[in-house]
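Computed from a predicted model, the values in this text were never measured in an experiment.
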Amino acid sequence: MDRFRMLFQHLQSSSESVMNGICLLLAAITVKMYSSFDFNCPCLARYNALYGLGLLLTPPLALFLCGLLVNRQSVVMVEEWRRPAGRRKKDLGIIRYMCSSVLQRALAAPLLWILLALLDGKCFVCAFSNSVDPEKFLDFANMTPSQVQLFLAKVPCKEDVMVKDSPARKAVSRYLRCLSQAIGWSITLLLIVAAFLVRCLRPCFDQTVFLQRRYWSNYVDLEQKLFDETCCEHARDFAHRCVLHFFASMQGELQALGLCRDPTGGIPESQEPQELPEDLDSGSGKAYLRAISSQEQVDHLLSTWYSSKPPLDLTASSRLRGPGLNHRAPIAAPGTKLCHQVDV
């Protein structure tokens, strides 16, 4: 149990590991889907190509979109691309690096489906059975053109009466299946060679730009994740304090109505409302969160985070304090009202 907990914590702390795991999961689902799929070609001249190419290309498109949806970095990339510049300039190189990373993971499952379909050959035979040149096969010499087209349309259906136990059907099917497997293995070899060259040749060039883009792409992802976690922490603490303030304020109303009794069981003599406890908002190392204590402040903070993110220079944060948002909140005493907004 502890090993699973450690693995889960590692996946939570590493978004790249999570994305790689999701990529492998989609690939496994792709293999399972294809192995359990019941392929039935219509064996009609007008629909063979549509059905075969549809099964060859439509599931990869759906898997590609699923890969984009489950990849958190795709959303972060679009947000980084569309956000206002504000006090932080946008680097198109980082966006291109994130786009490349997202596309590489999203294309894994679609490519796997296409390769499985080509190596299996059923979709290819169904899609291109009508495109075979009859002159390559001697068995069609005694057939009219219409009979040839009808025969070729029936090639994927080996149980059909017209083509059952026909040497011509077996020859055409074997020809198309071999062509499909040749294309599939060629694509596989091309992808492996390309990956090998990229892996081997990349260290031969200057890695400065690559390291910088990888660092800042990870930073953008982690920054948004930490901001969301901090907002959830602030929302929980804000809701907790609002509930405590409500219960504390109700004591005065209960006393005014004579519904609040002292510990001895009698009604207290003083009916004046009690003041709220001073330790209700006491700092516990989170003054930078508790300083944001109203709906208007929260709305302004979120709007400023979207429209004007702070610059990536912590040494310049003291110079940016003023009428706008500050990067570090002052430590305020309990009950002190702040006139400026504070950025988390």
Side-chain angles (χ1 to χ4, degrees), residues 23-68 103-196:
C23 180
L24 292 176
L25 180 61
L26 285 177
I29 293 175
T30 301
V31 175
K32 183 64 176 178
M33 286 174 55
Y34 189 84
S35 61
S36 60
F37 181 74
D38 187 14
F39 182 85
N40 292 309
C41 185
C43 295
L44 297 173
R46 297 177 56 185
Y47 301 104
N48 280 7
L50 182 62
Y51 184 80
L53 292 177
L55 286 181
L56 185 64
L57 301 177
T58 302
L61 178 60
L63 291 171
F64 176 73
L65 295 178
C66 289
L68 293 179
L103 290 179
Q104 287 178 13
R105 293 186 173 94
L107 286 173
L111 285 176
L112 182 59
W113 177 279
I114 294 175
L115 291 177
L116 288 175
L118 289 175
L119 294 177
D120 185 51
K122 293 179 182 179
C123 293
F124 195 87
V125 172
C126 181
F128 297 100
S129 61
N130 288 95
S131 303
V132 174
D133 186 7
E135 296 181 357
K136 295 182 178 180
F137 305 92
L138 301 177
D139 302 273
F140 298 110
N142 298 326
M143 295 185 184
T144 63
S146 59
Q147 290 177 337
V148 170
Q149 292 300 319
L150 181 60
F151 186 91
L152 291 177
K154 299 293 183 179
V155 167
C157 302
K158 60 182 179 179
E159 300 298 331
D160 191 273
V161 178
M162 183 177 180
V163 296
K164 188 175 182 180
D165 299 328
S166 173
R169 188 207 69 82
K170 294 180 181 179
V172 174
S173 178
R174 189 184 305 112
Y175 169 76
L176 291 174
R177 191 180 295 270
C178 292
L179 184 60
S180 175
Q181 292 178 352
I183 295 175
W185 283 116
S186 300
I187 295 176
T188 303
L189 180 62
L190 181 63
L191 293 175
I192 293 175
V193 171
F196 175 79

Exercise. Would you please name every residue forming a side chain to side chain contact (heavy atoms under 4.5 Å, CB included) with Gln104, sequence neighbours left out?
Key: Ser100
Exercise. Hey, could you give me the CG/CZ distance between Leu111 and Phe64, rounded to the nearest 0.5 Å?
Key: 10.0 Å
Quiz item: To the nearest 0.5 Å, how far apart are OH in Tyr34 and NZ in Lys122?
Solution: 6.5 Å
Quiz prompt | Spacing of Ile29 atom CD1 and Leu25 atom CG [to the nearest 0.5 Å] | solution = 4.0 Å
Self-check item: Partners meeting side chain to side chain contact (heavy atoms under 4.5 Å, CB included) with Ser146 (sequence neighbours left out)
Solution: Thr144
Quiz item: Do side-chain atoms of Ser35 reach the backbone of Lys32 as a donor and acceptor pair under 3.5 angstrom?
Solution: yes
Please tabulate, one pair per line, all N/O donor-acceptor pairs under 3.5 Å involving side-chain atoms of residues 175-185, not counting sequence neighbours.
unit_1	atom_1	unit_2	atom_2	d
Tyr175	OH	Lys136	NZ	3.2
Arg177	NH1	Asp120	O	2.6
Ser180	OG	Leu118	O	2.5
Gln181	NE2	Leu119	O	3.2

Practice problem: With sequence neighbours excluded, give me every salt bridge (Lys or Arg N to Asp or Glu O under 4.0 Å) pair touching residues 154-163. | Solution: Lys154-Asp160
Quiz item: Got a sec, which pairs hit ring pair (Phe, Tyr, Trp, His ring centres under 6.0 Å) with one end in residues 138-169, sequence neighbours left out?
Solution: Phe140-Phe151
Listed pairs under 3.5 Å, donor-acceptor, residues 125-134 side chains, sequence neighbours left out:
unit_1	atom_1	unit_2	atom_2	d
Ser129	OG	Leu152	O	3.2
Asn130	ND2	Gln149	O	3.4
Asp133	OD1	Glu135	N	3.3

For residues 44-60, please give each side-chain donor-acceptor pair under 3.5 Å, one per line with the distance, not counting sequence neighbours.
unit_1	atom_1	unit_2	atom_2	d
Asn48	OD1	Cys43	N	2.9
Asn48	OD1	Leu44	N	2.8
Asn48	ND2	Ala153	O	3.1
Tyr51	OH	Asn40	O	3.1
Thr58	OG1	Gly54	O	2.8

Quiz item: What residues, two or more places apart in sequence or in another chain, satisfy side chain to side chain contact (heavy atoms under 4.5 Å, CB included) together with Thr30?
Solution: Leu63, Ala109, Leu112, Trp113
